[in-house]
Each structure stands twice: as structure tokens, then as C-alpha cells.
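As the structure is a computational prediction, the values presented were derived from the model and not from experiment. First the proteins, then the strands, lettered A, B, ... as listed; each starts at 1.
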Number of protein chains: 2
Amino acid sequence: MPRLPTVTDVARAAGVSRQTVSNVLNSPEVVRPDTRERVERAIEALGYRPHASARRLRTRRSSTIGIRLDPFANGISGAVLDRYVHALTERAAERGLRVLLYTARSPEEEIEQLRSLIEGADVDAFVLTSTFRGDPRTGWLLEHDVPFATFGRPWDEDDVGTPRYPWVDVDGAAGTAAATEYALEQGARRVGFLGWPASSGTGDDRERGWRETLQAHGVPADGLRYTVEEDVPQARRAMTRVLSRDDPPDAVVCASDSLALGAHLAASDLGRSNLLVVGFDNTPVADALGFASVEQLPDQIAAGTLDLLMGSRSRAVDRARAAPRPAHLLVTPRLVRR
Amino acid sequence: MPRLPTVTDVARAAGVSRQTVSNVLNSPEVVRPDTRERVERAIEALGYRPHASARRLRTRRSSTIGIRLDPFANGISGAVLDRYVHALTERAAERGLRVLLYTARSPEEEIEQLRSLIEGADVDAFVLTSTFRGDPRTGWLLEHDVPFATFGRPWDEDDVGTPRYPWVDVDGAAGTAAATEYALEQGARRVGFLGWPASSGTGDDRERGWRETLQAHGVPADGLRYTVEEDVPQARRAMTRVLSRDDPPDAVVCASDSLALGAHLAASDLGRSNLLVVGFDNTPVADALGFASVEQLPDQIAAGTLDLLMGSRSRAVDRARAAPRPAHLLVTPRLVRR
DNA sequence: TTGTAAGCGTTATCAG
DNA sequence: CTGATAACGCTTACAA
């Protein structure tokens with residue numbers, strides 16, 4: 001393989017100086033049109049491609065964002081994060097950014113990775129997923145003045161009002177509200193909600209959409225709130241019990257597709273295939289089994305993340321804290337009916 | 001944020017020259033122990049971290065490998081590839097490599113990405129997944145002398161015998177053989193195989209393990225080979241028909257967890273919960289529904305991929321075609337009984 | 001063993 | 001608008 005052409009080669013071929021070539025690439029408007037065209041032809045002819053590392057060294061930006069690939073397969077719903085990473089990679093490429101992966105088994109280990117990646121100038125910014133209450137990562141990043149955004153809202157009390165960093169999240173309540181509306185539309189009179197026990201932010205949010213929608217329609221919710229861990233067999237057993245009672249629900253809105261799968265199986269076990277099940281996350285399982293589910297729209301979330309990180313038109317991460325408005329974005333999910 | 005320390009800063013702090021610092025980092029054995037220790041203390045004290053881009057520019061290697069994140073969610077089995085990417089990232093980090101993502105909607109677009117990444121010196125090598133017959137990507141990479149390995153064996157006739165590049169794959173036949181043995185052990189007398197129609201390499205491989213195992217046990221396979229597309233509802237319908245016949249199988253080994261899910265549902269529909277179903281890929285669905293499945297061991301595959309790419313102990317991609325032995329590795333999967 | 005010098009390919013600065 | 005010069009931070013000869 002012959003040596004790759006450099007700006008110098010292009011400059012010689014086009015009969016201009018190196019700088020002019022660089023200008024054509026980075027500030028085309030500053031170069032006279034005919035010169036520019038000549039340079040562009042030379043670039044084309046030589047198959048020139050800027051050397052990423054050299055540019056990074058010079059500009060002191062890597063044009064790369066780091067994201068952690070989650071170790072927990074996260075059960076059935078793991079697919080959501082994967083789709084997000086995919087969408088992020090695609091959208092980032094449109095803006096001239098690359099996506100670099102890292103892994104970590106604990107928050108401490110992750111912070112070590114963050115440090116290593118940022119200090120080695122491998123990345124300009126991070127996208128954090130799966131944020132949790134008391135998350136040490138966000139504090140570390142703020143403290144070290146590293147640009148980042150999170151997919152997942154801040155859960156700490158102080159942050160909810162005036163978050164100190166940009167975040168994107170899905171409006172879970174809107175999702176379950178749509179699911180509940182759908183169930184009512186389909187003629188369900190008793191719409192249950194199958195959610196998680198521990199008061200988690202995400203869980204509360206999703207339950208709220210269901211509860212408020214029933215209220216708005218003047219339909220009672222009493223006794224229709226079922227609680228179970230994020231586990232298919234548990235959900236299946238719980239729903240089997242519920243469906244065997246005197247006054248079973250005729251529809252159930254679920255906080256996840258795992259729970260929905262459990263509900264679907266329970267209904268199937270009991271020959272109650274008329275039970276309307278609505279899931280959350282729109283995983284392949286929902287598609288395969290044919291139950292409706294709330295789609296998180298990873299592509300919109302990804303685009304939003306980048307907007308927050310870079311501003312809506314820029315092609316570089318906002319390094320300057322000049323616009324330190326830690327904005328946020330709540331994406332309204334979409335119900336996929338089946 | 002103050003300017004990050006450089007080798008020069010460390011050198012000054014340790015009272016040595018820049019080069020000595022570089023030597024401590026890259027060839028420690030060449031520096032006198034006490035000097036080395038002094039330098040190491042200075043590095044620690046300053047929190048020095050080598051600048052990745054500068055090093056890359058100088059050494060002309062990026063210590064990064066590129067991998068495409070597959071656009072097709074790939075249904076239920078998509079999780080396998082995701083686990084592979086995760087394992088690859090983890091193993092690569094152990095060897096001082098990073099993993100950079102890219103996406104593409106078509107092979108042509110992908111080749112454009114390969115070109116851009118390699119010519120921009122963003123990556124040293126690629127890992128290709130989802131190879132197929134007549135794959136234009138491998139040819140392009142060979143032609144341009146770009147190091148790479150594939151997860152998936154070569155499917156083209158010419159390549160199978162003496163492959164022109166290193167590849168890793170899962171021994172599908174061994175997986176279905178183990179599944180079939182398991183079914184027989186559990187007392188099944190009629191063990192069926194649910195696979196895909198079109199003669200795909202992967203599909204044929206997986207069927208072979210089943211067929212050969214039955215032969216070895218002197219058990220007939222006639223009429224026990226069922227065929228269906230990779231689609232849960234189709235598999236469910238097909239198995240419903242099969243189970244309604246006079247001489248239904250009492251176990252069914254499946255070419256994927258999607259098919260297994262279909263089979264499981266069909267059995268459940270008919271109240272035939274004693275049908276032994278074995279899947280392939282060990283996805284979260286198999287776990288959730290409690291059927292056995294063949295686990296591909298992504299971690300081993302990932303480790304093997306890197307061995308092929310770098311040699312088993314090196315920390316750098318074999319750029320030199322000095323050792324151009326395009327080796328390969330067939331990983332024996334493991335049956336997860338449930 | 002350590003230091004000196006050069007250069008990887010790019011872009012920023014500033015003169016023409 | 002264009003071109004010379006100087007970094008960016010690092011490593012690799014080669015010389016001391």
C-alpha cells in the first residue's frame with residue numbers, strides 16, 4: 001500500500017500552498033471559486049482524505065463521543081438501548097462525529113474509563129445511559145468540566161428542578177396514557193396496570209399516565225394496579241392470579257414488554273386470548289407475539305441528544321461553556337397498535 | 001480546566017529529558033530502575049496521560065478497530081450480535097484497543113465507510129459480521145490490504161477450503177448435536193428439527209448436527225424435518241400443524257430462538273407443555289420462557305477474533321502481512337439446559 | 001543510559 | 001485571497 005496522500009501532495013498537484021488546501025476543506029467560502037475547484041479536483045484525483053489523528057492533534061478535538069455498552073443484557077428490553085446506540089451512531093455520522101465504545105462493570109470502573117478517554121483526548125464528550133439516583137458519574141463529569149448529556153432524566157431531588165446538565169428522556173406517562181386510551185377505545189371497561197413495586201422514577205412516571213387517563217375518563221382505577229418485579233415468570237404468575245379473580249381486567253397496560261409477555265402468557269394459559277395487553281419498549285417480542293407496545297423512538301432520542309450536546313446546527317461539541325443552558329428534551333413515544 | 005500535562009511537563013518534574021519519559025512508557029526495560037521510578041512518580045503526581053491522537057499520528061496506528069452496528073434489529077436473536085460487540089469491546093480494552101462504531105444501510109455504503117475510516121487512519125482493522133455469499137466487503141478489504149477478521153465463515157466456494165482471511169464462527173452442528181443428545185437423554189423418542197427453508201450455510205450446518213446425532217443413535221429422522229421462515233407466527237402455525245398429526249414429535253430442536261418461541265407457543269396453545277423445545281442463541285426469551293437453548297459464547301468468539309487479528313499475545317494489529325496465515329477458529333457452543 | 005533533533009499531517013497566525 | 005512559518009504532543013533514530 002503506497003503512502004496515503006497528504007495536504008502537501010494535494011497542494012503540489014493543484015499548484016497551491018498547503019494552507020489553501022486546508023482552507024478549501026475547512027472554510028471553503030474564503031477561497032476563490034476557481035482555485036477551490038482546482039483543489040477539489042486534485043483531492044478527487046489523488047483520493048486524498050484528511051488524517052483524523054493529525055487533525056485531532058492540531059484542533060484539540062477528537063470529534064468523537066464515548067458511550068458505554070451496557071453489560072446487563074437487560075432482558076428482553078435490552079434491545080431499546082441497542083437501537084439507541086445504533087441511532088446515535090447514525091446521527092452522529094451525519095454531523096461528522098464518530099462513536100467510541102467502552103465498557104465498565106461498576107460506576108467506579110466507569111469513571112476510570114471516562115477519565116482515561118477524556119484525558120487521552122479520545123473523545124470530546126460522553127453520552128451516559130441508565131442514570132440512577134446518586135449517580136457518581138454525572139458529578140465527576142461536571143466537576144471535570146467534561147461535556148456530556150444523559151439519556152435518562154436526573155433522579156436526584158436537587159436536579160429535577162434545575163438540572164445541571166442536559167438530558168433527554170422518554171415521556172413515559174404520555175406513552176402509558178396513549179396505551180390506556182387505546183384500551184378504552186377498543187372497548188375495555190376495566191383497564192389494569194402491571195408495574196414494578198419499588199418506587200422507581202421510571203415506574204412512577206409510567207403508572208401516572210395510566211392513572212390520569214382513567215381519571216380523565218371517569219373510570220375507576222381501584223384494585224387494578226398490579227405489582228411485580230421485572231421478570232417474566234413472576235408477571236405470568238401474578239397475572240394468572242389476577243385473571244382468576246371475580247372481576248378480572250379486560251385490558252392491562254404494562255410498564256415493560258417483559259411484564260407484557262408475562263401477561264400475554266398468563267392470558268394464553270387461561271384461554272383468555274381476548275385480554276388486551278399493551279407493552280412498553282416495542283421489542284421484537286411484542287412484534288412476534290402481536291401485542292401492542294409503546295415505541296420509544298430511539299432515533300428521535302438520539303437526534304435530541306446530539307442537539308443538546310452540540311447545538312442544533314453545529315458540527316462540533318460545545319466545548320465552551322458559553323451556552324451552558326442545561327436544556328432537556330422529553331420525547332413523546334408512539335403507540336404501535338397491533 | 002488547566003492544560004493537560006505533557007511529556008515535557010513530566011520530564012521537567014522528574015528532572016529528565018522528554019525521551020526518557022517516553023521510554024519509561026514504551027520501553028521501560030531500557031531505563032534505569034531508579035530513574036524509571038522517579039518518572040513514574042512524576043506521572044502519577046501530575047496525572048499525566050499520553051495524548052492518544054499525538055501518539056497515533058506519530059506511530060501511524062490508531063489502536064482502534066471498527067465494527068458495524070447492525071441496522072436490522074434482527075428480531076429476537078439480535079441480542080447475540082450485541083453481546084458479541086460488548087465482549088469485543090471488553091477484550092479489546094484488555095489489549096489496549098478501542099472499538100469504534102459505524103453504520104451502513106447497504107454493502108456499498110459500508111465499503112464507503114470502510115474506506116473513510118481506514119484512509120482517515122481512524123482504525124487499524126475491522127471486524128466484519130453477518131458475512132454472506134458474494135460479500136463484496138471482504139474482497140475490497142483484501143484488495144486494499146486492510147487487516148480484518150470476520151465473525152461468520154466465508155460462504156463462497158473458493159474460500160471455504162483455503163480462506164483468504166481469518167474468520168471465527170460458531171460450530172452450529174456441535175450445538176444442535178448437543179441439543180439433540182439432550183433431548184434423547186430426557187427420554188424423547190421422536191426428536192424433530194425446525195429450521196429454515198432456503199439452503200443457507202448456517203441453517204444446513206445446524207441441521208446436520210441434529211441429523212448426524214440421530215443417525216449415531218440409530219434413531220430415524222424421517223418426516224421430522226420441518227421448515228419455516230425465521231418468523232415467530234409462522235413457526236407457531238407450522239408447529240401447531242405438526243403437533244396435531246398422528247405421530248407428533250416429543251421434542252424439537254430449533255435453528256433459532258425465534259423458531260423455538262413459535263414452537264413453544266404452539267405446544268402451549270395445544271396444552272402440550274411436555275413438548276421439549278430447544279432453541280439456538282440463548283436469548284433473553286429462552287430464559288424468560290424457560291426453554292433450553294444453545295449459547296454461542298460471545299466472549300470466546302470475541303477473544304478468538306482478536307487472537308486472529310493480533311496474534312495471541314501482541315498488543316497491536318498485525319499490520320505486516322508477515323504472518324499472513326489466514327487462520328480460523330470454530331467455537332463450540334454450549335447448551336444451556338433449563 | 002540519557003539527551004538532541006527531526007518529523008508525523010494538520011490548522012492558526014500573520015505577512016504578503 | 002494566498003503562502004510561509006510555527007506549533008499540536010508524541011516517538012524514533014542517532015549522538016553524547
**Q.** Whole-Å gap separating P (C:dT10) and CZ (A:Arg61)
**A.** 18 Å
Q) When the distance from CG of A:Leu46 to C1' of C:dG9 is rounded to whole Å, what number comes out? A) 15 Å
Q: Answer yes when B:Glu44 and B:Arg41 have at least one side-chain N-carboxylate O distance shorter than 4.0 Å, and no when they do not.
A: no
Q: Could you tell me whether the side chain of A:Val7 reaches within less than 4.5 Å of the side chain of A:Val10, counting heavy atoms only?
A: no
Q. When the distance from CZ of A:Arg12 to C1' of C:dG9 is rounded to whole Å, what number comes out?
A. 14 Å
Q.
Heavy-atom nearest nucleotide on DNA chain C for A:Val21 versus B:Leu57: which residue maps closer to 5'?
A. B:Leu57
(Q) Using only atom types and a distance under 3.5 Å, with no angle test, would you say the side chain of A:Arg98 pairs donor to acceptor with the backbone of A:Thr64? (A) no
**Q.** Short side-chain to backbone donor-acceptor contact, B:Ser62 and B:Asp124, under 3.5 Å
**A.** yes
Q: Please determine which of A:Arg68, A:Glu109, A:Glu110 meets the side-chain hydrogen bond (donor to acceptor under 3.5 Å, both in side chains) test together with A:Tyr102.
A: A:Glu110
Q) Any idea which of D:dT12, C:dT10, C:dG9 is nearest the A:Arg55 side chain? A) C:dT10
Q: Check for a donor-acceptor pair, side chain of B:Asp169 on one end and backbone N or O of B:Arg153 on the other, with a separation under 3.5 Å.
A: yes
Q) When the C1' atoms of the five terminal pairs at each end define the local axes, what inter-axis angle does the helix from C:dT1-D:dA16 to C:dG16-D:dC1 show, to 10 degrees? A) 40°
(Q) For A:Ala14, is there any backbone N or O sitting under 3.5 Å from a side-chain donor or acceptor partner on A:Arg38? (A) yes
Q | Reported CG-to-CG distance for the pair A:Leu69 and B:Leu88, which is rounded to 0.5 angstrom | A | 10.5 Å
**Q.** Test side chain to side chain contact (heavy atoms under 4.5 Å, CB included) applied to A:Thr129 and A:Val85, step by step
**A.** CA-CA 10 Å; A:Thr129 58; A:Val85 174; over 6 Å; no
Q | Near-strand residues of residues 25-36 of chain B, defined as heavy-atom separation under 4.0 angstrom from DNA chain C | A | B:Val31, B:Arg32, B:Thr35
Q: Provide, to the nearest angstrom, the distance between the CD atom belonging to B:Glu37 and the C1' atom belonging to C:dT1.
A: 17 Å
(Q) So A:Asp70 and A:Ser130, do their side chains get closer than 4.5 Å, heavy atoms only? (A) yes
(Q) Check this one for me: any side-chain N or O of B:Thr20 less than 4.0 Å away from OP1 or OP2 of C:dG3? (A) yes
Q | Results of side-chain contact (heavy atoms from CB on, under 4.5 Å) for A:Gln300 - residues two or more places apart only | A | A:Leu297, A:Val331
Q) Between CZ of B:Arg32 and OG1 of B:Thr20, what distance do you get to the nearest 0.5 Å? A) 10.0 Å
Q: Would you mind reading off the distance between A:His51 atom NE2 and C:dT11 atom C1', rounded to a whole angstrom?
A: 15 Å
Protein-nucleotides 4-6 of chain D N/O pairs under 3.5 Å:
residue: D:dA6; atom: N6; partner: A:Arg18; partner atom: NH2; Å: 3.1

Q: For A:Tyr84, enumerate each residue passing the ring pair (Phe, Tyr, Trp, His ring centres under 6.0 Å) test, keeping only those at least two apart in sequence or located in another chain.
A: A:Phe151
Q) Just how far, in rounded Å, is P of C:dT10 from CZ of B:Arg56? A) 16 Å
Q) Any sub-3.5 Å donor-acceptor pair from B:Thr305's side-chain atoms to B:Ile301's backbone N or O? A) yes
For nucleotides 14-16 of chain D, give me every protein contact, N/O to N/O, under 3.5 Å, one pair per line with atom names.
none

